[in-house]
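Reading through the C-alpha coordinates given below for one structure.
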Amino acid sequence: MLLIRKATINDLESVLSIYSEAREKFAVEKTFQWKNGYPNAMNFISDLNNNVVIVAVVDNTIAGVATIMEQIDVNYENCDTVKWLNDEKYLSIHRIAVGKEFYKKHVGSSLVKYILEYALNKGIKNVKVDTHVNNHDMKKLIEKYEFKYCGVIKLLDKNELRDAYQRVLYEES
(Lines give C-alpha, C1' and ligand atoms only; values in the text may rest on other atoms or scores of the structure.)
Protein backbone atom coordinates (compact mmCIF):
# COMPACT_ATOMS: atom_id res chain seq x y z
CA MET A 1 0.00 0.00 0.00
CA LEU A 2 1.30 3.46 -0.92
CA LEU A 3 0.91 6.41 1.45
CA ILE A 4 2.00 9.98 0.81
CA ARG A 5 2.77 12.17 3.82
CA LYS A 6 4.79 15.15 4.95
CA ALA A 7 8.42 14.23 5.47
CA THR A 8 10.08 14.21 8.88
CA ILE A 9 13.70 14.41 9.98
CA ASN A 10 13.57 10.64 10.47
CA ASP A 11 13.29 10.31 6.67
CA LEU A 12 16.65 12.01 6.06
CA GLU A 13 18.76 8.88 5.50
CA SER A 14 16.22 7.29 3.16
CA VAL A 15 15.74 10.50 1.17
CA LEU A 16 19.50 11.02 0.82
CA SER A 17 19.77 7.46 -0.50
CA ILE A 18 17.04 8.18 -3.07
CA TYR A 19 18.79 11.39 -4.13
CA SER A 20 22.05 9.44 -4.51
CA GLU A 21 20.38 6.75 -6.62
CA ALA A 22 18.85 9.45 -8.83
CA ARG A 23 22.26 11.11 -9.33
CA GLU A 24 23.75 7.73 -10.31
CA LYS A 25 20.91 7.12 -12.79
CA PHE A 26 21.35 10.60 -14.28
CA ALA A 27 25.10 10.05 -14.66
CA VAL A 28 24.55 6.75 -16.51
CA GLU A 29 21.94 8.38 -18.76
CA LYS A 30 24.15 11.46 -19.29
CA THR A 31 21.35 13.67 -18.00
CA PHE A 32 23.63 15.74 -15.74
CA GLN A 33 20.63 17.24 -13.96
CA TRP A 34 21.79 16.67 -10.41
CA LYS A 35 25.52 16.81 -9.84
CA ASN A 36 28.13 17.84 -7.31
CA GLY A 37 26.16 16.29 -4.46
CA TYR A 38 22.92 18.16 -5.20
CA PRO A 39 20.39 17.69 -3.73
CA ASN A 40 21.84 17.04 -0.31
CA ALA A 41 21.00 16.97 3.40
CA MET A 42 21.00 20.76 3.58
CA ASN A 43 18.41 20.97 0.77
CA PHE A 44 16.22 18.36 2.46
CA ILE A 45 16.45 20.00 5.89
CA SER A 46 15.67 23.41 4.40
CA ASP A 47 12.63 21.93 2.62
CA LEU A 48 11.65 20.19 5.85
CA ASN A 49 11.93 23.42 7.85
CA ASN A 50 9.71 25.11 5.26
CA ASN A 51 7.22 22.22 5.51
CA VAL A 52 7.30 21.67 1.74
CA VAL A 53 8.66 18.15 1.32
CA ILE A 54 6.57 15.00 0.98
CA VAL A 55 7.49 11.34 0.82
CA ALA A 56 5.80 8.33 -0.70
CA VAL A 57 5.89 5.31 1.61
CA VAL A 58 5.39 1.72 0.47
CA ASP A 59 5.22 -0.94 3.17
CA ASN A 60 7.04 1.30 5.68
CA THR A 61 9.82 2.08 3.17
CA ILE A 62 10.42 5.56 1.75
CA ALA A 63 9.90 5.02 -1.97
CA GLY A 64 9.92 8.58 -3.30
CA VAL A 65 10.27 12.23 -2.41
CA ALA A 66 9.16 15.58 -3.81
CA THR A 67 9.26 19.23 -2.83
CA ILE A 68 6.19 21.41 -3.33
CA MET A 69 6.93 25.14 -3.43
CA GLU A 70 4.06 27.59 -3.09
CA GLN A 71 6.08 30.78 -3.35
CA ILE A 72 7.21 32.42 -6.57
CA ASP A 73 10.16 30.64 -8.15
CA VAL A 74 12.67 33.28 -9.29
CA ASN A 75 13.81 30.96 -12.08
CA TYR A 76 10.32 31.17 -13.60
CA GLU A 77 10.02 34.95 -13.53
CA ASN A 78 11.10 37.51 -16.13
CA CYS A 79 12.15 34.82 -18.55
CA ASP A 80 11.73 35.76 -22.22
CA THR A 81 12.39 32.19 -23.41
CA VAL A 82 9.22 30.83 -21.77
CA LYS A 83 5.59 31.45 -22.65
CA TRP A 84 3.65 30.38 -19.58
CA LEU A 85 0.01 29.40 -20.12
CA ASN A 86 -1.10 32.20 -17.78
CA ASP A 87 0.24 34.56 -15.10
CA GLU A 88 -1.87 33.23 -12.25
CA LYS A 89 -0.68 31.90 -8.88
CA TYR A 90 1.11 28.55 -9.11
CA LEU A 91 2.99 26.01 -7.12
CA SER A 92 6.07 24.28 -8.42
CA ILE A 93 7.47 20.78 -8.13
CA HIS A 94 11.15 20.33 -7.30
CA ARG A 95 13.53 17.55 -6.28
CA ILE A 96 11.18 14.73 -7.18
CA ALA A 97 12.82 11.31 -7.14
CA VAL A 98 11.98 7.64 -6.70
CA GLY A 99 14.15 4.97 -5.13
CA LYS A 100 15.46 2.49 -7.69
CA GLU A 101 13.74 -0.39 -5.90
CA PHE A 102 10.48 1.33 -6.84
CA TYR A 103 11.16 2.24 -10.48
CA LYS A 104 8.23 1.39 -12.74
CA LYS A 105 5.90 0.94 -9.74
CA HIS A 106 3.90 4.17 -10.22
CA VAL A 107 5.46 5.98 -7.26
CA GLY A 108 6.33 9.02 -9.39
CA SER A 109 2.79 9.04 -10.79
CA SER A 110 1.37 8.88 -7.28
CA LEU A 111 3.50 11.83 -6.19
CA VAL A 112 2.46 13.97 -9.17
CA LYS A 113 -1.19 13.05 -8.75
CA TYR A 114 -0.99 13.95 -5.05
CA ILE A 115 0.62 17.31 -5.88
CA LEU A 116 -2.09 18.15 -8.42
CA GLU A 117 -4.80 17.33 -5.86
CA TYR A 118 -2.91 19.28 -3.20
CA ALA A 119 -2.85 22.34 -5.47
CA LEU A 120 -6.59 22.15 -6.14
CA ASN A 121 -7.30 21.74 -2.42
CA LYS A 122 -5.30 24.94 -1.81
CA GLY A 123 -7.25 26.74 -4.53
CA ILE A 124 -4.20 26.89 -6.80
CA LYS A 125 -5.00 26.11 -10.43
CA ASN A 126 -1.47 26.07 -11.86
CA VAL A 127 1.49 23.77 -11.33
CA LYS A 128 4.90 24.38 -12.89
CA VAL A 129 7.94 22.15 -13.14
CA ASP A 130 11.26 22.17 -14.95
CA THR A 131 13.60 19.38 -15.91
CA HIS A 132 16.80 18.68 -17.81
CA VAL A 133 16.39 18.30 -21.57
CA ASN A 134 17.61 14.68 -21.32
CA ASN A 135 15.45 13.66 -18.35
CA HIS A 136 13.11 11.56 -20.46
CA ASP A 137 11.54 9.74 -17.51
CA MET A 138 10.43 13.00 -15.92
CA LYS A 139 9.18 14.38 -19.22
CA LYS A 140 7.16 11.22 -19.82
CA LEU A 141 5.72 11.46 -16.30
CA ILE A 142 4.62 15.08 -16.51
CA GLU A 143 3.31 14.70 -20.05
CA LYS A 144 1.18 11.80 -18.75
CA TYR A 145 -0.42 14.36 -16.43
CA GLU A 146 -0.97 16.83 -19.29
CA PHE A 147 1.73 19.34 -18.44
CA LYS A 148 2.42 21.52 -21.45
CA TYR A 149 5.88 22.49 -22.65
CA CYS A 150 6.33 26.27 -22.25
CA GLY A 151 9.96 26.90 -23.20
CA VAL A 152 13.41 26.97 -21.63
CA ILE A 153 14.43 28.58 -18.35
CA LYS A 154 17.92 29.36 -17.13
CA LEU A 155 18.60 28.39 -13.52
CA LEU A 156 19.97 31.53 -11.95
CA ASP A 157 22.12 29.81 -9.32
CA LYS A 158 23.61 27.21 -11.67
CA ASN A 159 23.57 28.97 -15.03
CA GLU A 160 22.01 25.86 -16.59
CA LEU A 161 19.07 25.45 -18.96
CA ARG A 162 15.91 23.48 -18.17
CA ASP A 163 12.76 22.67 -20.11
CA ALA A 164 9.77 24.30 -18.39
CA TYR A 165 6.24 22.90 -18.17
CA GLN A 166 2.93 24.04 -16.78
CA ARG A 167 -0.36 22.35 -16.00
CA VAL A 168 -3.58 24.33 -15.60
CA LEU A 169 -6.00 22.53 -13.30
CA TYR A 170 -9.75 22.54 -13.45
CA GLU A 171 -12.00 21.08 -10.82
CA GLU A 172 -14.00 18.19 -12.16
CA SER A 173 -17.74 18.75 -12.12
Side-chain angles (χ1 to χ4, degrees), residues 1-7 11 15 18-19 21-23 25-26 29 31-34 39 43-44 47 50-58 61-77 79 81-153 155 160-173:
M1 181 173 155
L2 185 135
L3 165 77
I4 296 178
R5 62 166 171 78
K6 291 282 188 177
D11 301 325
V15 168
I18 290 170
Y19 288 160
E21 290 171 358
R23 282 192 300 273
K25 182 177 187 288
F26 290 154
E29 295 172 348
T31 299
F32 307 115
Q33 181 162 351
W34 291 352
N43 300 118
F44 176 77
D47 290 345
N50 289 314
N51 200 31
V52 295
V53 62
I54 58 172
V55 290
V57 182
V58 175
T61 301
I62 304 298
V65 60
T67 298
I68 308 169
M69 300 288 210
E70 290 186 47
Q71 71 268 22
I72 290 174
D73 187 322
V74 295
N75 292 298
Y76 297 169
E77 302 301 310
C79 188
T81 55
V82 174
K83 179 153 178 38
W84 295 114
L85 303 177
N86 61 50
D87 294 326
E88 296 173 17
K89 183 176 179 179
Y90 64 90
L91 63 78
S92 55
I93 303 171
H94 295 284
R95 293 183 281 287
I96 185 169
V98 173
K100 69 179 173 184
E101 175 185 345
F102 297 97
Y103 291 170
K104 309 286 186 213
K105 296 189 178 174
H106 309 290
V107 173
S109 288
S110 295
L111 285 165
V112 171
K113 185 175 179 186
Y114 175 92
I115 293 166
L116 297 176
E117 290 171 2
Y118 175 87
L120 273 178
N121 289 336
K122 296 281 245 169
I124 300 170
K125 305 257 194 256
N126 294 278
V127 179
K128 295 180 181 180
V129 64
D130 64 86
T131 193
H132 190 279
V133 66
N134 292 333
N135 190 341
H136 303 293
D137 288 340
M138 184 63 179
K139 287 182 175 189
K140 192 164 119 179
L141 175 62
I142 58 180
E143 287 168 358
K144 172 182 174 182
Y145 285 93
E146 301 176 6
F147 280 77
K148 304 296 183 211
Y149 175 78
C150 295
V152 176
I153 64 163
L155 299 179
E160 296 176 6
L161 301 178
R162 297 287 184 265
D163 286 346
Y165 294 81
Q166 181 177 359
R167 165 80 193 269
V168 178
L169 304 171
Y170 301 98
E171 293 186 50
E172 295 184 25
S173 44

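For this chain, numbers begin at 1 and follow the sequence in order.
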Calculate, to the nearest 0.5 Å, the distance between atoms [atom1] and [atom2] belonging to [X] and [Y] respectively.
X	Y	atom1	atom2	answer
Glu146	Lys144	CD	NZ	11.5 Å
Leu116	Arg167	CG	CZ	5.5 Å
Ile68	Ile93	CD1	CD1	7.5 Å
Leu161	Thr81	CG	OG1	7.5 Å
Cys150	Leu85	SG	CG	4.0 Å
Asp47	Arg95	CG	CZ	4.0 Å

* Asp163: side-chain hydrogen bond (donor to acceptor under 3.5 Å, both in side chains) partners, not counting sequence neighbours -> Lys139
* Can you tell me if Asp130 and Asn75 form a side-chain donor-acceptor pair at under 3.5 Å? -> no
Identify the two heavy atoms, one from [X] and one from [Y], that lie closest to each other, and give their separation to 0.1 Å.
X	Y	result
Leu169	Ala119	CD1-CB, 3.7 Å
Ala56	Val107	CB-CG1, 3.7 Å
Leu2	Ser110	CD2-CB, 3.7 Å
Ala97	Leu111	O-CD1, 4.3 Å
Ile115	Ala66	CD1-CB, 4.0 Å
Ile18	Ala63	CD1-C, 3.8 Å

Strictly below 4.0 Å, N to O, side chains only: are [X] and [Y] in salt-bridge contact?
X	Y	answer
Glu21	Lys25	no
Asp11	Arg5	yes
Lys122	Glu70	yes

Hey, does the side chain of [X] reach the backbone of [Y] with a donor-acceptor pair shorter than 3.5 angstrom?
X	Y	answer
Gln33	His132	yes
Arg23	Pro39	yes
Gln166	Lys148	no
Asn50	Val52	no
Asn135	Thr131	no
Arg162	Leu155	no

Close side-chain approach of [X] to [Y], heavy-atom, < 4.5 Å:
X	Y	value
Leu91	Tyr118	yes
Thr67	Phe44	no
Glu88	Val168	no
Lys113	Tyr145	yes
Val129	Ser92	no
Val57	Ile4	no
Lys125	Tyr170	no
Phe32	Phe26	no

Please say whether more than 12 non-hydrogen atoms of neighbouring residues, nucleotides or ligands are located less than 6.0 Å from [atom1] in [X].
X	atom1	result
Asp87	CG	no
Lys6	NZ	yes
Ile72	CD1	no

* Hey, mind stepping through Val112 and Ile96 against side-chain contact (heavy atoms from CB on, under 4.5 Å) and telling me if it holds? -> CA-CA 9 Å; Val112 171; Ile96 185 169; 4.0 Å; yes
* Asked: How are the rings of Tyr90 and Tyr76 set to each other: parallel, tilted or perpendicular (split at 30° and 60°)?
  -> tilted
* Asked: Please walk me through it: do Phe147 and Val127 pass side-chain contact (heavy atoms from CB on, under 4.5 Å)?
  -> CA-CA 8 Å; Phe147 280 77; Val127 179; 3.8 Å; yes
